[in-house]
Amino acid sequence: MSKANVSFWVQKEGNRPDLLCGRAADYPVVKGHFLILVWSTLVLGGLLRAFLKNSEVIVLTILSLFGFLIGQLAYDFVEMHQIVYPLLRTSSFSLYCYFSPLIIFMAALDVDFYILKNVFWQVFLTGLISFATTFIIIGYVVLKFNKHSWDLESCLLFSMALGITDPIYSVNSLKTIGISKMYTDIIRGESMIICGFTSICFSVFQRGILQMSSFRDLCTLSIPRQMAMQNAIKHIQEMIQSRITLFKTEKLLTNVNWTLVEEKTKIEYIIPTSNVSSDNKAKEELPTDEVLLEEARLHVVIIQISSFEKQCNDGVLSVEAARTLIGATKSYCHIQGKFMSIYDVSTYVRARSWLVKFKHTLTFLEYHKDKTSAILYGHNRFLLFIYHIVFSEEFENAEHIIGIMYIYPMIMHLWPTARKLNVSGLIFVNYYFVCLYLLESALKIIILKKKYFHQHWNTLEFFIVIIGIVDVFCIYFVRLRPDNLILIQFTVIIGYFRIIRFFPLLKIIIPLLINIVDVQIKKRLSLTYSITKGYVKSLEDTKFLIRQISSRKSIDQKLYEILETNKQDAVKELGLIEHEGRDVVIALKTKQAIRNVIAKALKSLTFLSSRGIIDKYESLEMNKVLLEKIKPLNNFPMAIPLPTPDKYLHNIIWLENKDALIEFFKERAKLAYFDYGDVICKEGEMPQGIYLIISGMAILESSPPTFGIDRSLRPDRESTTRFTEYCTSGDIIGELSCLLKREIEYTAICETILQACFISLEDLYEGFDFFWPSLEYKIWLKLALSIAYQYFESSLVDEDLKFQKCVMLNHAYVETLSSYNEMSIDDVNMKFVILVYGSVIDTKTEVPYFAPCILPKPCEQVQGTSDLSKLLVIQALAPDKNDNAKVMGNTGLGMTKRDYQWKKKDELEIGSHFRKGL
């Protein structure tokens, strides 16, 4: 494909050899002494102007001949080729930008503004006509007679330079023949108008050329982009075919001509390709993994930006956090091979670090009263009297008032004229304030004794007293010996030290600064947590679409590994942030939960209004009510006090916030404390109980989870990949191991100081007996829902599987199968049957299924093949209640069996997250 000629605007690039004065450079090109050539030309021009002041034509002629001579030398001698090479490789537009400001300045230097103002329209019309004539005629002539040596951009530059400079030098010739100054100003103005038109035209021309070039480049897709487009079109066609297959089952659509529907909905999109011959196409190699990975990276960028926008619209992500993430993503997407990590978006983390250090410094400088007990002074009335004075608020306020009162005398002391007029007065004022500081320090020392120097502000006040006493003695000795120059100089220097008397006033400002910095830290911490949470969610959204991003398995695996590594780093960062500011994170989560609930309510309101269930007026009124709920969130507190450890029991979902259950475990739960690096539990040990993390972060490391299946039977039996996951406040460790009374399958190590609420295994089973059978079943239901969402979120995106709803309405329930027990699957009433633990076999086809797995629709009956198998059954809603949900659940957006098997294999081979309870 022929590319647009943009060499006027940028340096030419290509495979053609560089032409130096008409010859190809067949030697290593170096910059040589190009700068010496430039400076020598400037010096030559300056000397010629100095010696030939009234002969500008001669000066220009000599310089032109000098340039012609350099060109001829460069054509004949290699050494000169090397010198002029940087000039020849400089784009013409760059030369225009270099010299046009100088030319415009020369044109405007001698113009009389008031004369030009009166004849502006004459100047404007003259300049417009001159510009058009000069630009067209000179450019055409030059291009016509030099079409084999000059290209278009060189001709444009020459005509532009000649058109601008011609009026300037014409004026110098008119001066000698006595032309009126008004006419010379019109000609100078003409030059300025030409400069203006030239700049505008070239700016427009520049944008047009570059946009045309970009458009032509975009019209041709690279081979990796062509493959990506083919994958996208194939995926859309599969969705359309799935929708058609679903519609064929509708009774009202049985007489539709489905052949015509399939024909009309078939996508026939011609992907733009480069204009090269088929022979050249055949010679092109297939794209390498590096090329395809780069193409997949660009798709990841698009998916992440879309995820950020969706999170912002859903109220999960704040506007500022979304803007930060989108801006960072766009800035890094141009770096080839760069997958944006959470550390690339850590500007606010670094900003927060210096704020924290500044706050620590202010906290160190903050004044704290070291108050002692009055009992130590017994019945000594004098000491008790001084004690009550020193530790009274009036005494502290008096200290600040003394510092404020000394501002005016200090100004007079620093003002030479006022100091000369009030020497004796300033001396007596100084004596007075020194006595006040001395009295203040003496009273504190009497009461605090050695503890007086434990407070750095007291040490500063003592230093002020010492400097004040030295100042008083120096003034006294200067009066005795006024001719001692050294003593006078020393006294003057000591006098300037009186400024430190204002330092104690900082005790008033420091608490205010601490509050301001604390607010800023909380804002940055909240924003950083929101950014990190949004980044993690975008990675989760991207992982579900890996199959559609690339069609090569090796690329899928590399992409999955990169995304999983970035997600682990981001989750770790979330834990550290939560450990650092738990009160801030609690406030942010609460705010996001409120915003998310209101956003879903608004969506439901829009749905009801669009279906005509509520009229427009009611919809508007309810919309106002919901929006009024959002406004107070702008003033939502930055931090919420931490709940007490017993309050965390309310966060255990299977306790359902019931008083009887909470009180039962509250009496038996214990607080456990762990230091950094402590091991909470080890892989292979028997469980001691469950741990509800209150504060801190732990890392879980393990082999691939077994889900109750012998490793020799699993497809990934040869996998040696280690799994890692981070647990933070609110997470529970050890649920599944306690339920099964089997060895723990991971090692939990504290990444920070950790506090947890511990419920022993004996107390847990005592609760099972006391609240049988609901409590044990609810824990299994919670684990089953967690595993299902973790592995099959894309298939369950339209399902409302809230724990409370599943318990109350039985929308989803857990079935238990022992070895050789059978279970029938009702395809009508059971929308999904998900094997979350153990293994089963299809009794009809004898196909085995291992957890985690979605059983396919053709499966009618399964039999347990492990000691214990758990299946999560999601019931289908009645058609008359939710037709739309049924349709949406079968649009083809869910994961097919083939896609799931691929995802399952990669999940187990590469090392995905697994729940803490496993």
Side-chain angles (χ1 to χ4, degrees), residues 575 643-703 705-708 723 725-787 803 814 837 868 870 914-918:
T644 56
D646 59 291
K647 295 293 183 182
Y648 272 89
L649 292 174
H650 295 267
N651 296 337
I652 301 179
I653 192 170
W654 39 265
L655 293 181
E656 297 184 275
N657 208 18
K658 292 183 178 180
D659 294 336
L661 287 168
I662 292 174
E663 288 299 325
F664 179 86
F665 286 106
K666 183 178 178 181
E667 295 174 358
R668 294 162 176 78
K670 300 176 182 178
L671 288 178
Y673 298 92
F674 300 92
D675 202 352
Y676 170 77
D678 288 352
V679 177
I680 302 175
C681 55
K682 287 186 178 180
E683 185 176 359
E685 292 182 349
M686 291 301 295
Q688 302 297 318
I690 63 173
Y691 295 88
L692 169 63
I693 299 178
I694 297 175
S695 65
M697 182 175 66
I699 182 173
L700 307 184
E701 298 179 347
S702 78
S703 304
T706 61
F707 292 100
F723 287 67
E725 184 178 3
Y726 293 93
C727 303
T728 57
S729 176
D731 291 332
I732 300 177
I733 298 176
E735 285 175 306
L736 185 58
S737 300
C738 289
L739 281 175
L740 301 170
K741 288 187 177 181
R742 293 182 180 178
E743 294 84 358
I744 302 173
E745 295 187 355
Y746 51 79
T747 300
I749 304 174
C750 295
E751 285 285 297
T752 63
I753 297 175
L754 186 140
Q755 182 183 12
C757 182
F758 174 70
I759 300 176
S760 66
L761 187 64
E762 293 77 11
D763 294 334
L764 184 63
Y765 272 84
E766 183 181 350
F768 289 167
D769 296 335
F770 193 81
F771 299 100
W772 176 264
S774 62
L775 184 58
E776 184 177 4
Y777 170 79
K778 289 173 184 176
I779 298 178
W780 271 113
L781 178 60
K782 179 256 183 183
L783 290 172
L785 292 173
S786 300
I787 295 172
F803 180 82
V814 177
Y837 189 81
L868 179 67
K870 293 286 183 177
F914 60 97
R915 292 294 177 190
K916 296 87 184 171
L918 296 180

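Heavy-atom basis, side chains included; hydrogens, waters and symmetry copies ignored. Numbering of residues begins at 1 and proceeds along the displayed sequence.
- Listed for the Tyr765 side chain is a donor-acceptor partner under 3.5 Å among the backbone atoms of Cys738.
- The side-chain heavy atoms of Cys750 and Ile680, taken from C-beta on, include a pair separated by under 4.5 Å.
- With a 4.5 Å cut-off on side-chain heavy atoms, Phe664 and Leu655 do not count as touching.
- With rounding to the nearest 0.5 angstrom, the CD atom of Glu743 is 10.5 Å from the CD atom of Glu685.
- The structure places OG of Ser786 at 11.0 Å from CG of Leu736, a figure rounded to the nearest 0.5 Å.
- One distance of note links CD1 of Ile779 with CG of Leu739; it measures 5.0 Å at 0.5 Å rounding.
- Here the side chains of Leu783 and Val814 are not in contact, with every heavy-atom distance at 4.5 Å or above.
- Side-chain contact between Leu868 and Lys870: present, with at least one pair of heavy atoms (C-beta onward) separated by less than 4.5 Å.
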inquiry  = ring-ring contact (aromatic ring centres under 6.0 Å, His included), that's the test. Do Phe707 and Tyr837 meet it? Break it down for me.
reply    = CA-CA 5 Å; Phe707 292 100; Tyr837 189 81; 7.3 Å; no
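- Counting heavy atoms from C-beta on, the side chains of Trp654 and Leu661 never come closer than 4.5 Å.
- Contact check for Val679 versus Thr747: side-chain heavy atoms found under the 4.5 Å cut-off.
- One distance of note links OG of Ser760 with CD1 of Ile690; it measures 9.5 Å at 0.5 Å rounding.
- We find the CD1-NZ distance between Ile749 and Lys682 to be 9.0 Å, quoted to the nearest 0.5 Å.
- The 12-atom threshold is exceeded at CD of Glu751, counting heavy atoms of other residues, nucleotides or ligands nearer than 6.0 Å.
- Relative to the six-membered ring of Phe771, Lys778 misses at least one condition, a distance below 6.0 Å or an angle of at most 45° to the axis.
- Nearest heavy atom pair, residue Leu740 against residue Trp780, reads CD2-CZ2, 3.7 Å.
- The heavy-atom pair separating Met686 from Lys741 by the smallest distance is CE-O, 3.3 Å.
- Across all non-hydrogen atoms, the minimal contact from Ile744 to Pro687 is CD1-CA, 3.8 Å.
- A heavy-atom distance below 4.5 Å is not found between the side chains of Ile759 and Arg668.
- When side chains are defined from C-beta on, Tyr746 does not count as touching Glu683, because their heavy atoms never get closer than 4.5 Å.
- Here CG of Leu781 is found 12.5 Å from CD of Glu776. Values are rounded to the nearest 0.5 Å.
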